[in-house]
Structure formats: C-alpha cells, structure tokens
Asks: 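The structure that follows is given in the form of structure tokens.
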Amino acid sequence: MNYQDIEKKWQRIWEDEKRFEVKNKVEGKKNKYILIEFPYPSGKGLHMGHCRSYTAIDAYARKQRLEGYNVMFPFGTDAYGLEAERTAIKEHKKPQDIVARNIKTFQNQVRAIGMSIDWSRTINTCDEDYYKWTQWQFIQFFKAGLAEKRETTVNYCPNCGVLANEEVEDGTCCQCHSETTQKAKAQWVLKMTEYAERLADDLKDTDFMEHIKTSQINWIGKSEGVEVDFDIVGGGKFSIFTTCIETICGITFMVVAPESNLVDSLKDRIQNWNEVENYRRETAKKSEFDRSEMNKDKSGVKLEGVYAVHPLSGKKVPIFIGDFVLAGYGTGAVMAVPTHDQRDFEFAQKYNIDMIQVIDGADVSKCAFEKHDYLGNGCKLINSGEFDGLTVEEAKAAITDKLVKMGVARKKLNFKMRDWVFSRQRYWGEPIPMVYCETCGWVPVPEDQLPVKLPDVESYEPTKDGESPLSLITDWVKTTCPHCGKPAKRETDTMPGWAGSSWYFMRYCDAHNDKEFASREALSSWLPIDLYNGGNEHTTRHLLYARFWNKFLYDQGLSPVSEPFARRISQGLILGSDGKKMSKSAGNGVDPLEVIAKYSADALRVWMSFIGDYFESASWSDEGLKACYKFINKIVSFKDMLVEGEEYSKELEVAMHSAIKKVSQDIDNIKFNTAISALMILSNEVAKVKKINHAEYKTLLTLLNPFAPHITEELWVECGFGASMKDVQWPKYDEKKLVKSEVEIAVQVNSKIVARVNINTQLKQDEILAEIKANENVAKAIEGKTIVKEIYVPGRIANIIAK
RNA sequence: GCUGGUGUGGCGGAAUGGCAGACGCACGGGACUUAAAAUCCCGAGGUGGCAACACCGUGUGGGUUCGACUCCCACCACCAGCACCA
C-alpha cells in the first residue's frame, strides 16, 4: 500500500469511529481546549501557512490526548467578508454559494492533512443558527448602552460608494480609479474604550507571548494627562488633552483638526476663510493613515483673526488648523510647545512662530528638548512665572492643581485605542438587528424574531450614495416599530467580519444549542481556552475584539471567565523558497495538496514541524520536504529490524529516555523543530545498532505519532502492537537513566581551552578539579602561577583562573 | 513615521551566561550497481599550514563578566501590523 492509501484509510477510520469527538465532561479526565483560529474560506483554499499552524497545533492536541486529557480541538469557518462578495460580483453567483463551495474545499483539505478535528462541533459564521446569536449578542450590547450610532469618517468613492481601507490605493478607488475622499457618516459603534483599562490590566492574568502583550498594551495606549479648557477671544472655548502639562507656559500656538465643528462655528471671525476651506478640501482627500505619523511634512493654516487665551498668562495665542490633528482622537485639538515637542518645533520653524523654553537643561535652538530626555533628570522649570525652579515632576502636580482649582482643567485618562466601528455598507455580513422609528428612535428587533435573515438581492455592490445594497430592497427595509407599531425602517448596514469571530470559540462548546448561544455549563467545562493559536496579524484587532466581547458577556453573567484565552501563541509565516511571501504573482507558491499527492501528508506535517522555530518565519524548500520523506521511510524500514523485547535494551536505553524527555518538553514548549531533530537523533542511534525491540519501536512510533499520525498507526497495527493507537499512552522517561557515567568536558585556563578531559560524573567537584589539574596540558598552563579562582559547571566546562 | 519582530556556515536552522554551528539540506570522497536512482559509510565554519597547530568567526561599534549568539547601551539592515481585508 502506498502512503496516500494508508492516509485515506486512517482518515476514514478516525471519522467512522468518531475518534476525536469529545463530550463536555468525561469521568476521570481533565479537559483541554485547544484552538486554532478558524480560517476565512477564500477561493484559494488551504495554503502552506495554514498547513504549518494546523499540523503543529494538531500535533500538540494529539500529544495531549495520548497523555490522557479530554481534548476538544474544533474547526469552523469565518465566512463573512469582502472577498466572497467580490468573487460573487465577478462570477455572477451568490456569495452564499461561493462560500458553501469554499467551505467544502477547506474541510476536505483539513481532513487531507490528517487533522484530529471534532467534526460534530463545526460552525460557520454565516449559518442562520450561528448568526442568530451574533445578532442576539449585538442587542445585548445595545441594551447595555454599549452600541450607539455615531458620526465617523469613511472612505468614499463617487462611483463605488463607501470603500474599505484595502480598496483605496494612493487616494484612488481600486475598482474605478476615481479619487476618493473622506466623508462623514453615521455608523454603529461598540464602545470598546470603556473596557480599555481592563483590556490592558487583565493581560497580567494571561499567558500570552510577551510581544503579544506588549503590542496590545501599545495599541490600547493608555496615557494619563490633563484636559484643559481654552477660551477664545471674543467668545467660545475648546479643550485640549496633554500629557505634558508642565510645558503649558511654553505654548506659542494651538492646532485644531481641520474638520472640527469649532472651525465652522468661528467662520464669521476667520479672516482667511477661503484658505481654510481649501485646506479642508485637501485634507478630505487624505486617509487617516496618511494624516497620522506617516506624514513627515506637517502642514497647517493659521486662523487669521482668531486667538485662544492662555489660562495662566491670559496672553493671546494663535490658532492653526493642521491635518496631523484628528477630530476623532482626544479632543481634536492640541496645545503646541515647540521647544519641548519635535513635531511642534518643526511646525513653528515652518510658520515662523515664537518659541519659549520652559524646561532648563538643553539647547533648544536646533531641536526640541523632549520629555523622554527631561523626565527623571531633575530638570527645572524656567520662564513659567510662579512655577520657576520646580522640578518637572513637581511642576506637573502643581500646575495641574492650580488649573483644576481654577475650574478650567481636569485629570484625564486618554487611550489611543478607539471605539469599534461596527457598521459596513455591504451585503455579505450579518444584518444589524435594529429598527429605526420616527417616534421611538432605534429599537432592537425582538429576540423571538431573530435571526434577521439576509435577504436575496439582485446586486451586491454598495450603492453610489454610500448605503448598503440592502437599502434598495424596499420590502425588506419597510417594517413596523416593535415598540409602537408605527411604520419604521430596518437598519441596512451589516456587521464587520470581526463580529462572528469574536465569540466563535464559545459556540464550539455547545454548537447545537437552539435555546442560547451556549449553555453556561458547557462554557464552564471548557473555558478558558488552554492554547489559542493564530497569526500575528490578529495580535491587536481580533484578539482585542474577542477579549472585549467576552468581557462584556462576562459582565452580563453570560461568560464564566473574564479572560477567554489562557495562553496565546502565534506562528511565523511560511515564505517561498526565495524568502518572499508566497503568492501567485511571485510564482513561488506551493500547493499542499500536490505535496500530499507526491509525498504524503505525514511528510508534509513532519516538514512543517521541522522547518524552523514555530514562532519565526521560515522559507519553503523542496529539499527539506524530501529529507522528511526520507526520515519517514527510515522509520518504516525499522520494522524489518524488529526483535523481541518488552524493555529498552542497554544499547538504546539512554537514547530512548533522552528522546522521550526532549520530545515531551519540546511539544509542550512549541519547539516542534527540535522535537523532530530529537527523533532523528534517536533514529540515527537505532540505525547504528541495526535492531530495535518491541518496546523501543512502540515508544518511537508513539513519539512520532503526533507529527505523522497515519504511518505510525499503520505500523503499529502491522507490527501487531494493537488494533489501533487509540488507547496508547504517552511514554515516560526516567531522569536517572539520562545521565551518562562518563562525559568529556572542556577545561579552560584563563578562559582559554587547553584540554578536554573525560570525567566520572559521580565524583565530587573537588575530586574532579583535582583530576583536571593533573592533566598534562592543564598543569603546563598553570605552572608557576597562583590559582585565583576555579569554576566548574557540572558536565560541561571547567575554568581555572591563574595569575 | 509609529508599534512589534528578526539578523548565526553555501542554505534551513541548534545552543538554562559555559566546548558556537545540534539536526537537516546542498557539497566532496568512498561502498553497492553494467550504469543511474535509492541506500549505506566517511569528511567538512573561514584563513594559513603536508601536519600538529595557529589566528579569525553569531549584522556593526562599545560595555558588563572568569566566560557573551545569549545581558546592557548606541547604530545599521530586513520583515510584519497600523483600526472598513479578515
């Protein structure tokens, strides 16, 4: 039989006997919930990147099962999204049909690589019995006051309507190449910032990889500062947020976001309104991304004739508009202190604005003296009136205090993280289950009427006026208010793809429940997830959305845990053999199914494990794959060397115990490459002695089983070890059997290697050192010198320092 | 630009602060073969040397240490993400 037939045979057996289906509770077994991010079922099917993480985490799951855990390892698909909609438009098919086709392909491919999935728990986010609960949960957000409709800005194309960021290339529409602009639009928003602090703080209770924690904390971007009100000469006022209140006496200008309502309210008093309008028009063309830090060349326009009043000095301060200030971030206005902020410094130079140094300790004629340089260095204030001579730290407190007492400021926490814009003017998403009534306002669809089904439409393209295609189906839009019964309109926006993926891990726990999204009992038996694996691209958004969603449900008493993921890891990319991202255009792609057909799924799995450190990116190589294929052949060939024996032989004892230890620890620590390497070392030992007994082969096959599940099980049966590997136990090692009685160590004199000496590991340290010093080369090196220090690292190295 | 990450032979990569290069690929030599493939054995970081051996060597420059790929500081290069792709 060839590998392909063997693999298909075992895949069928696993499925027929429901080998990997689990109950929520099994007497005497501990539960483990292992999760890999469900894929977006694109038309391209499973790619190498999927293969790497899927086979790796599958190996982890299989090992845990062999260790006697009740392991849930589910799989599903995140089906809503732009790509299916675009394909639908292109192929003149329904997104529903395209997605159904793609899901089938994905599931077959997941089977083909030998994943140990519990298929009884499979879910798709676009299934009615799934998205019903996504809608239900949205309503809970609304009822709790965490969902509201609010003005935001969107990318807008005059022909194609609202565009995703991805669809805008250099300020033009990727479909029709018209120039795009930023347009204000009312959108549903989930108030995620209300959870910002907890999302950052609670990371301490998780075992996420350090860089993931850091990324999330930076994304949330908590900063403590002061919000200060500034009066405008001739009436009106506005607020700014600053983390550097100590520099307030150095203010020489203010900058307001160009689109700010404040600018409109000052129209009559602004003497250069034309110039302001032109600048606003230019700004509208730029995306937020272009306007933020990306933009090196800060520009602005002075509002002629309008001045703010400095709250401490009472002096007049000019006001500018500048596109680097965003209306939606902070208060949409900033104070500018060119001597102590580099961006302000450059702006002031460009527009010839005064500068006043207020913190002593550096020359500010060439560049600003910024907070990371003056904080904590005992720097003192100057040119700041009554605050002169205070240290920066003292001044921070004193100035805040004074402004608060004056009633013009308050301490405030500010977050970089924004609320979650939850509306899409797209067809292919969950309809937002809300109704707008002239009398009652926004009213949720009654829960017994869920799901609000996605209706059939003729055209999937967004409308030119920027509304969802659903808005064109008048019959669907027209409804009655659930509250007062008067005629009302349905919300026509749909949810973003992130919605369904924010709680899918809960549905796996109770996938067929039609009374609730998942029972508390089912959730309690599995959450938190023991190991959650996904791509680095989800480190901030998906992972924060899902944590936020769960925290909300936790507050509602609907989730048993405040953190859903105990441990989070992310895999590195698989690159083409040229070291570049695999893609059609680069022609460096490799199709997993072709690899399986030519070699085997097991060879592919072993290669994906061996290719390199799981957390780093790695380049594909055909040679590496072939080497793993050869390795499997070698394991198979051992069956011809099989001899009797139910205990490890003397010759292989140390090798067996070392391999068990290394492979066990490496899988637990997600070091699959060195686990395979350890198995290769063991197989080299076996090849050297040219025989292997039953006990040894059983252990070898078990250790390899998580990586090469098909062939190991086939060999197991063939050698008569049992009818299958279903009830096999993960082998144990004995620490005592690992230690070699004699070992060669390097001996250094003054940190330079002078000899290699065989030592008996049973001896005491001074006995060993005495033996070392008796060595001819060592003796010569220390001759006539005084020994200052002797270092001995057991079994590795000795260093004698002599003068 | 900001944030996160990476940098070790010809290549993929190993190394709780302790003999850098495990394991594998490619390569060279040999065995088997009419031959090739497959398989097996041996060799190998670089430079110099017949050799023993010497010197150099983990992106660059400093530092800490008996000892640094590993820790600290500064820099360079590359990769990823940046909120409506998911």
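Here is how names work: the chains are called A, B, and so on, in the same order as the sequence lines, proteins then strands, and each is numbered from 1.
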Asks: Just call it for A:T214: base, sugar-phosphate, or nothing, with non-hydrogen atoms closer than 4.0 Å on any strand.
Replies: sugar-phosphate
Asks: Base, sugar-phosphate or nothing for A:S423? Non-hydrogen atoms, less than 4.0 Å.
Replies: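 Contact class for A:S423: base.
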Asks: Less than 6.0 angstrom from the centroid, inside 45 degrees of the normal: does A:R568 satisfy that with respect to the ring of A:Y532?
Replies: yes
Asks: Taking the side chain as every heavy atom from C-beta outward, state whether A:N758 and A:V743 have any pair of such atoms under 4.5 Å apart.
Replies: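 Not in contact.
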Asks: How many Å lie between NZ on A:K661 and P on B:A22, as a whole number?
Replies: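 Whole-Å distance recorded here is 21 Å.
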Asks: In whole Å, what is the span from the CZ atom of A:F548 to the P atom of B:A83?
Replies: 19 Å
Asks: Scan A:W498 against the nucleic acid and name what it touches under 4.0 Å (heavy atoms): base, sugar-phosphate only, or nothing.
Replies: base
Asks: In terms of side-chain heavy atoms of A:L573, which of B:A80, B:G24, B:A22 is nearest?
Replies: B:A80
Asks: Does A:R541 put a side-chain nitrogen or oxygen below 4.0 Å from OP1 or OP2 of B:C82?
Replies: yes
Asks: Taking syn as within 90° of 0 and anti otherwise, name the glycosidic form of B:G24.
Replies: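 Anti, which is what one calls it when the glycosidic angle falls more than 90° from 0.
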Asks: Can you see which heavy atom on A:R541 is nearest to which on A:W219, and at what distance?
Replies: CG-CZ2, 3.8 Å
Asks: With hydrogens left out and only the distance checked, is there a donor-acceptor pair under 3.5 Å joining A:Q748's side chain and the base of B:C19?
Replies: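 Side chain to base: no pair below 3.5 Å.
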Asks: Between A:R424 and A:M495, is the side chain to side chain contact (heavy atoms under 4.5 Å, CB included) condition met? List the steps.
Replies: CA-CA 6 Å; A:R424 298 291 183 272; A:M495 299 189 198; over 6 Å; no
Asks: Would you say the side-chain atoms of A:D578 pair up with the backbone N or O of A:K580, donor to acceptor, closer than 3.5 Å?
Replies: yes
Asks: Detail all sub-3.5 Å separations between protein N/O atoms and N/O atoms belonging to nucleotides 73-78 of chain B.
Replies:
none

Asks: Please verify the inter-ring angle class for A:H538 with A:W498; under 30° counts as parallel, over 60° as perpendicular, anything in between as tilted.
Replies: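 A:H538 and A:W498: perpendicular rings.
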Asks: Report the distance from atom CG of A:N775 to atom CD1 of A:I782, rounding to the nearest 0.5 Å.
Replies: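 CD1 of A:I782 is found 9.5 Å from CG of A:N775.
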Asks: Taking atom P in both B:G59 and B:U70, compute the distance separating them and give it to the nearest angstrom.
Replies: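 Taking atom P in both B:G59 and B:U70, they lie 8 Å apart.
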Asks: Let me have a per-nucleotide readout for nucleotides 36-43 of chain B, 5' to 3', with B, S or -, counting only protein heavy atoms under 4.0 Å.
Replies: ---S----
Asks: What is the nucleic acid contact for A:E83, judged by heavy atoms within less than 4.0 Å: base, sugar-phosphate only, or nothing?
Replies: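 A:E83: no heavy atom of the nucleic acid under 4.0 Å.
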Asks: Quick one: which of B:U3, B:G18, B:A86 gets closest to the side chain of A:I797?
Replies: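 Closest nucleotide to the A:I797 side chain: B:G18.
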Asks: For A:E461 and A:R86: C-alpha separation, side-chain torsions, deciding distance, then whether salt bridge (Lys or Arg N to Asp or Glu O under 4.0 Å) applies.
Replies: CA-CA 9 Å; A:E461 292 173 62; A:R86 282 204 209 112; over 6 Å; no
Asks: Within this structure, what is the CG-to-C1' distance between A:D613 and B:G13, rounded to whole angstrom?
Replies: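 It works out to 9 Å between those atoms.
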Asks: Determine: side-chain N/O of A:N684 to OP1/OP2 of B:G24, distance under 4.0 Å, yes or no.
Replies: yes
Asks: Taking everything shown except A:K691 itself, do over 12 heavy atoms lie less than 6.0 Å from its NZ?
Replies: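 It does not: A:K691 NZ has 12 such atoms or fewer within range.
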Asks: Given B:C82, B:A22, B:A86, which nucleotide is nearest the side-chain atoms of A:W219?
Replies: B:C82
Asks: Could you measure between the two P atoms, the one in B:A22 and the one in B:C11, and give it in whole Å?
Replies: 15 Å
Asks: Just how far is it from atom CG of A:L704 to atom OG of A:S683, taken to the nearest 0.5 Å?
Replies: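 Here the rounded value is 9.5 Å.
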Asks: Measure from the side chain of A:Y40, starting at C-beta and using heavy atoms only, and say which of B:C23, B:A86, B:C84 lies closest.
Replies: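 When the side chain of A:Y40 is considered, B:A86 is the closest of B:C23, B:A86, B:C84.
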Asks: Side-chain donor or acceptor of A:N165 under 3.5 Å from a matching atom on the base of B:C84?
Replies: no
Asks: Separation of A:R426 atom CZ from B:A86 atom P, in whole Å?
Replies: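 It works out to 9 Å between those atoms.
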Asks: Can you check whether A:Q342's main-chain N or O pairs, donor with acceptor, with A:E370's side chain at less than 3.5 Å?
Replies: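 Side chain of A:E370 to backbone of A:Q342, a donor-acceptor pair under 3.5 Å: yes, one is there.
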Asks: Give A:V154 one of three labels, base, sugar-phosphate or nothing, depending on what nucleic acid heavy atoms sit under 4.0 Å from its own.
Replies: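 Result for A:V154 = base.
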Asks: Can you tell me which nucleotide in B:C84, B:A15, B:G18 comes closest to the side chain of A:K671?
Replies: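 Closest nucleotide to the A:K671 side chain: B:A15.
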Asks: Given B:C66, B:A83, B:C84, identify the nucleotide with an atom nearest to the side chain of A:V162.
Replies: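 Nearest to the side-chain atoms of A:V162, counting from C-beta on, is B:C84.
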Asks: Report the distance from atom CD1 of A:I753 to atom P of B:C53, rounded to the nearest whole Å.
Replies: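 Result: 13 Å.
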Asks: For B:G5, does either OP1 or OP2 sit under 4.0 Å from a side-chain N or O belonging to A:N536?
Replies: no
Asks: Just compare B:C84, B:U16, B:G13 and give me whichever is closest to any side-chain atom of A:V793.
Replies: B:U16
Asks: Are there over 12 heavy-atom neighbours, none belonging to A:K634, within less than 6.0 Å of that residue's NZ?
Replies: yes
Asks: For B:G10 versus B:A54, give the span between their P atoms, rounded off to a whole number of Å.
Replies: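 23 Å, rounded to whole Å.
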Asks: For A:I611, which contact category applies under a 4.0 Å heavy-atom criterion: base, sugar-phosphate, or nothing?
Replies: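 Answer is sugar-phosphate: A:I611 comes under 4.0 Å of backbone atoms only.
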Asks: Does A:N673 have a side-chain nitrogen or oxygen under 4.0 Å from the phosphate oxygens OP1 or OP2 of B:A14?
Replies: yes
Asks: Can you tell me the distance, in whole Å, between the CD atom of A:Q342 and the P atom of B:C2?
Replies: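 One finds 11 Å between P of B:C2 and CD of A:Q342, rounded.
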Asks: Both A:E166 and A:R796 contact RNA chain B. Which one's nearest nucleotide lies toward the 5' end?
Replies: A:R796
Asks: Could you give the CD-to-C1' distance, from A:E370 to B:C2, as a whole number of Å?
Replies: 13 Å
Asks: Nearest to the side chain of A:T540, which nucleotide is it out of B:G4, B:A86, B:G81?
Replies: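 Side chain of A:T540 sits closest to B:G81.
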Asks: Among B:C23, B:G18, B:C85, which nucleotide sits nearest the side chain of A:M680?
Replies: B:C23
Asks: Starting from the C-alpha separation in whole Å, work towards a yes-or-no answer on ring-ring contact (aromatic ring centres under 6.0 Å, His included) for A:F38 and A:Y504.
Replies: CA-CA 9 Å; A:F38 61 169; A:Y504 72 111; 3.7 Å; yes
Asks: Rounded to the nearest 0.5 Å, how far apart are CD of A:Q765 and CD1 of A:I791?
Replies: 10.5 Å
Asks: Which comes earlier along RNA chain B counting from the 5' end, the contact point of A:Y614 or that of A:Y545, where each point is its nearest nucleotide?
Replies: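 With A:Y614 and A:Y545 compared, the 5'-side residue is A:Y614.
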Asks: Is the ring pair A:W420/A:F422 parallel, tilted or perpendicular, if the boundaries are 30 and 60 degrees?
Replies: perpendicular
Asks: Would you measure the distance from the C1' atom in B:C69 across to the matching atom in B:G57 and give it in whole Å?
Replies: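 That atom pair is separated by 12 Å.
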Asks: Is A:I791 touching bases, backbone alone, or none of the nucleic acid, heavy atoms closer than 4.0 Å?
Replies: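 It contacts base atoms.
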Asks: Looking across every strand, which nucleic acid part, if any, lies under 4.0 Å from A:G624 by heavy atom: base, sugar-phosphate, or nothing?
Replies: nothing
Asks: Tell me, what's RNA chain B's dot-bracket, Watson-Crick or G-U with both distances under 3.5 Å, | for other-strand, [ ] crossing?
Replies: (((((((..(((.....[....))).(((((.......))))).((((....))))..(((((..]....))))))))))))....
Asks: Rounded to the nearest Å, what distance is computed from the NZ atom of residue A:K416 to the C1' atom of nucleotide B:G1?
Replies: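 Rounded to the whole Å, the gap is 12 Å.
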Asks: Which nucleotide, B:U6, B:A86, B:G4, lies nearest any side-chain atom of A:E537?
Replies: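 That would be B:A86.
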Asks: Do we see a donor-acceptor contact under 3.5 Å between the side chains of A:N633 and A:Y3?
Replies: yes
